[in-house]
Amino acid sequence: MIEALFGPFAEFSFLRRALVGCLALSVSAAPLGMVLMLRRMSLTGDVLAHGILPGVAAGFLVGGVSVVALAAGGLAGGLAVALGAGALSRATGGREDASLAAAYLVALAFGVALVSTVADSVEVMALLFGSVLGVDDAALLLMCGVATLTLFVLAFAWRPLVLECFDPGFAAAEGARGGLWHLVFLALVVLNVVAAIAALGTLMAVGLLMLPAIAARHWAAEVAGIAKVAAGIGAGASVLGLLISYHADLPSGPAIVLAAGAAWAVSVGAGPVDSLLVRFARRRHLAG
Amino acid sequence: MAPPAIRIENLTVVHGRRPAVHHLSGSVAAGSLTAIVGPNGAGKTTLLRAIAGLHPPAEGRVSLAGRVALLPQAAALDRGFPISCRDVVLLGLWGRVGAFAPMPPDAAERAEAALAAVGLSGFARRPVGTLSAGQFQRLLFARLLLQDAPILLLDEPFTAVDARTAADLLAIIRRWHGEGRTILAVLHDLDLVRAEFPEALLLAREAIAWGPTEQALSAGNRLRARMMAEAWDDTAAACARDAA
């Protein structure tokens, strides 16, 4: 048992790197996912992750499997989709979800087409679904660097971000520059998704962003509590997912996301806030 | 005579190209208590948002003699948001504290006092999701208390609250009036307006009447306001009115 839990990490340095990187990203992605959820933008993370693929593919064409090339391409692609779709929808009469859906479908198809012309199927699988073998020193530095930067920026931007989520009208009336902070926030989301690509793949990178936050909603009643619980769930899912990936020989991305998904299932079923258990448990009502 | 708290000059605010507020001019005396009345779609909310600086005017200007605080329509907010009552009230300090400065040491006490003043003692740690519609409106009033602004814009403060809550909130408005603040409130209950608000603006995109409440809300004026609001010309040309 002990051997099954710790053995793989003790034995293989690539697993240790993947673990450290994923733990770092769990902490930084959790509050970002929470803000996305609270702004009813849960699907935006998905759109970003798909939008990143053509950029990553272009980076792959230019630089091969190099973290720098992949990250630069992904960053450009993700920001283009995030800002472009938003601007397009505002210019053409709302319906942001429609513009985002159109943009990400095209981006995903384009990216897969681009990658499959040059890469073999193993590389395509790694790019789409992640591979623990992909976490080299450069990828680890990227993950930890992004996590550090994210936490610093969030420490400064926490108050305006939460205000902009809760009451954008008040934020505007008080001159809180909600729009500016929102752009900073979107850039952080893209950075986190890009950093997670090596371990989770472009299609699964958003899992570590959204699932822990959505699960944590059922454990805490305030934003600070939700962010902390989400970080914990993300870290737990990272450890469990990497072990599953190692023992069951699965791609690491789906393994980690499935672990986070299990945490979500437990949370939505039995968490203390707004869960199915709370909804349907027949407990005697209180006296007052 | 004291300078007006709010001066509105030839203000036009549009949604698309359609004017929601059309060539409105006038002023609100400092320390006055004014009701804005008018049919749905008359531009009442848009006018408040324009005064608060949330909706840039297409033409004309608004000048203010002090800070404004806006009470938005409660229905516009996400009442299930995971935030405590105390934190919502503390948002009222934003104007002084901003995004980065630490909270003043007496912030928690002031939040507690504001909650007590609106009848929500002991609610500080409760999440807003547990509040009723009336309690949520009381909470927004507590935030206004902390904002401590000389000019207050209230958008339908008594909508969807019971008589008891309305009476309590009205008492707070009277207190603000007594303190010499300038208050502008969008209201639908004409009996309440006649009883409590000395001044009224009857709005139907343009000012139908603006002055002492009894004259402003005469039957003739109200009929004119209704006709104006219902008139909607699909073939309207660009407005050529002199931008005087």
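Remember, it's a predicted structure, so these values are computed and weren't measured experimentally. Letters A, B, ... mirror the listed sequences (proteins, then strands); counts begin at 1.
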Max heavy-atom pair count under 4.5 Å with chain A, selected residue of B:Pro127, B:Gly53, B:Ser84: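 Option with the top pair count is B:Ser84.
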
Atom CZ of B:Arg96: over 12 foreign heavy atoms under 6.0 Å: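 Count over threshold, so yes.
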
More than 12 heavy atoms of other groups within 6.0 Å of B:Arg125 CZ: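 Open: at most 12 neighbouring heavy atoms sit under 6.0 Å from CZ of B:Arg125.
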
Can you say whether [X] sits under 4.5 Å from chain A via the side chain, the backbone, both, or neither, judging by heavy atoms?
{"X": "B:Phe100", "result": "both"}
{"X": "B:Leu91", "result": "both"}
{"X": "B:Arg143", "result": "side chain"}

Please determine whether a side-chain nitrogen of the Lys or Arg among [X] and [Y] lies less than 4.0 Å from a carboxylate oxygen of the Asp or Glu.
{"X": "A:Asp274", "Y": "A:Arg217", "result": "yes"}
{"X": "B:Asp78", "Y": "A:Arg40", "result": "yes"}
{"X": "A:Arg39", "Y": "A:Glu164", "result": "yes"}

Chain B contact via A:Val273 - which portion, at a heavy-atom distance below 4.5 Å: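 A:Val273 has no heavy atom closer than 4.5 Å to chain B.
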
Which atoms of A:Trp181 approach chain B - backbone, side chain, both or neither, heavy atom under 4.5 Å: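 Contact with chain B is through the side chain of A:Trp181 alone.
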
